[in-house]
Amino acid sequence: MKIGIIGAGNIGGNLTRRLTALGHDVSVANSRGPETLKALAEETGATPVTAAEAARGARVVVVTVPLKAVPDLPSGLLGEAADDVAVIDTGNYYPQQRDGRIAAIEDGLTESRWTEQQIGHPVIKAFNGTYAQDILDKGQPQGAPGRQALPVAGGDPAAKRTVRDLIDELGFDTVDAGGLDESWRQQPGTPVYGNRGDADTIAKALADASPERTAEWRA
């Protein structure tokens, strides 16, 4: 499968490593240009590209940049992606730590709904509460006892299925966390954020979440 990854930080870099190892055709971009991705490309076989090129022909596009950088992504980012492209948003809003105040999110819009509005395309929220190293180290075969599970939220059933199948291929179970308007259940500060539990544990953590953003995660 052709996959474009926009952002080569901890999550983006480790997804590049695992997805190329699984045989996918991965293009990877960052904000500093393809020449800065030479080492990752040599390590993995991924193709370093500009952000504007990353989605070209891609069936899956992973947006894994700081939330404050999302509005700076190229316009028409997904114009040359596959017609049925699934867009994964791994982002989190860290107002005090990194992103500054984003008024719409402070007023109650979910983080991934905001990202969706910025890029002009539906997204599937996944990997946002996952430790980057776990992507490399924690994958297990289907049916393994205690297999770690990841929550996945989004409104497009076909795109969600594509993402859940890809996560299964990476070695993790998934739990359907509802639509994007329910994706507050997996934002920072919720019981599922950073939770390494199995599917039952993750389902309970999602159910136990409160929509009220705690002070640590507000501007």
Side-chain angles (χ1 to χ4, degrees), residues 1-31 34 37 40-41 43-65 69-70 73-91 111-130 132 134-136 139 141-142 149-180 183 186:
M1 189 159 57
K2 185 162 176 46
I3 298 173
I5 297 179
I6 302 171
N10 294 334
I11 294 286
N14 284 353
L15 283 173
T16 299
R17 292 178 176 94
R18 288 288 290 120
L19 292 169
T20 51
L22 289 167
H24 294 288
D25 177 6
V26 178
S27 296
V28 60
N30 65 8
S31 61
L37 294 168
L40 182 63
E43 175 193 344
T44 63
T47 303
V49 294
T50 66
E53 298 167 327
R56 188 172 294 161
R59 176 79 194 287
V60 172
V61 173
V62 184
V63 177
T64 182
V65 300
V70 169
L73 291 172
S75 61
L77 180 70
L78 299 157
E80 295 184 61
D83 290 342
D84 59 350
V85 63
V87 181
I88 300 174
D89 168 35
T90 78
E111 296 165 13
S112 286
R113 187 67 82 186
W114 182 84
T115 295
E116 181 179 83
Q117 291 177 358
Q118 304 308 305
I119 67 173
H121 193 282
V123 303
I124 304 295
K125 188 177 190 73
F127 298 108
N128 73 291
T130 307
D134 288 358
I135 294 169
L136 298 183
Q142 263 187 5
L150 309 184
V152 178
D156 181 333
K160 187 182 279 185
R161 174 44 55 195
T162 297
V163 173
R164 294 181 73 178
D165 287 347
L166 191 65
I167 293 172
D168 179 51
E169 192 179 352
L170 287 164
F172 302 91
D173 284 345
T174 56
V175 175
D176 191 331
L180 276 194
S183 64
Q186 64 193 78

Pair V175-D173, side chain to side chain contact (heavy atoms under 4.5 Å, CB included): steps then yes or no: CA-CA 7 Å; V175 175; D173 284 345; over 6 Å; no
Test log, rule side chain to side chain contact (heavy atoms under 4.5 Å, CB included), inputs H24 and E169: CA-CA 11 Å; H24 294 288; E169 192 179 352; 3.1 Å; yes
I5 vs T64, side chain to side chain contact (heavy atoms under 4.5 Å, CB included): CA-CA, chis, key distance, verdict: CA-CA 7 Å; I5 297 179; T64 182; 4.1 Å; yes
Working for side-chain hydrogen bond (donor to acceptor under 3.5 Å, both in side chains), residues S112 and D89: CA-CA 7 Å; S112 286; D89 168 35; 2.6 Å; yes
I6/L73 under side chain to side chain contact (heavy atoms under 4.5 Å, CB included): CA gap, chis, key distance, verdict: CA-CA 9 Å; I6 302 171; L73 291 172; 3.8 Å; yes
From CA spacing to verdict: salt bridge (charged side-chain N to carboxylate O under 4.0 Å, His left out), D156, K160: CA-CA 6 Å; D156 181 333; K160 187 182 279 185; over 6 Å; no
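Distance CD1/I167 to CZ/F127: 4.0 Å, rounded to 0.5 Å. Note that CG of L166 is 8.0 Å distant from CG of L22, once rounded to the nearest 0.5 Å.
Looking at residues two or more places apart in sequence or on another chain, you find a side-chain contact (heavy atoms from CB on, under 4.5 Å) between A153 and K125, A177, S183, Q186. Residues passing the side-chain contact (heavy atoms from CB on, under 4.5 Å) test with A82 are D84, sequence neighbours excluded.
Heavy-atom minimum distance, F172 versus D134: CZ-O, 3.3 Å. Closest heavy-atom contact between I124 and G155: CD1-N, 4.5 Å. Between A54 and A58, the shortest heavy-atom distance links the atoms O-CB, 4.3 Å. When all heavy atoms of P48 and L37 are compared, the closest pair comes out as CB-CB, 3.9 Å.
Considering only heavy atoms from C-beta on, V60 stays 4.5 Å or farther from V163 through its side chain. The side-chain heavy atoms of R113 and V123, taken from C-beta on, include no pair separated by under 4.5 Å. Here the side chains of L15 and L170 are in contact, with some heavy-atom distance below 4.5 Å. Side chains of I11 and N128 form no contact here, defined as non-hydrogen atoms less than 4.5 Å apart.
Tested against S27, the residues V61, V49, I3, T50 include a single side chain to side chain contact (heavy atoms under 4.5 Å, CB included) partner, V49. Among the candidates V62, L40, T47, T44, the single residue satisfying the side chain to side chain contact (heavy atoms under 4.5 Å, CB included) test with V28 is L40. Of the listed residues (T115, L77, V85), just one forms a side chain to side chain contact (heavy atoms under 4.5 Å, CB included) with H121, and that residue is V85.
Sorted by first and then second residue, the salt bridge (Lys or Arg N to Asp or Glu O under 4.0 Å) pairs involving residues 1-30 (not counting sequence neighbours) are R17-E43.
Under the 3.5 Å distance criterion, the side-chain polar atoms of N14 are matched with a main-chain donor or acceptor of A132.
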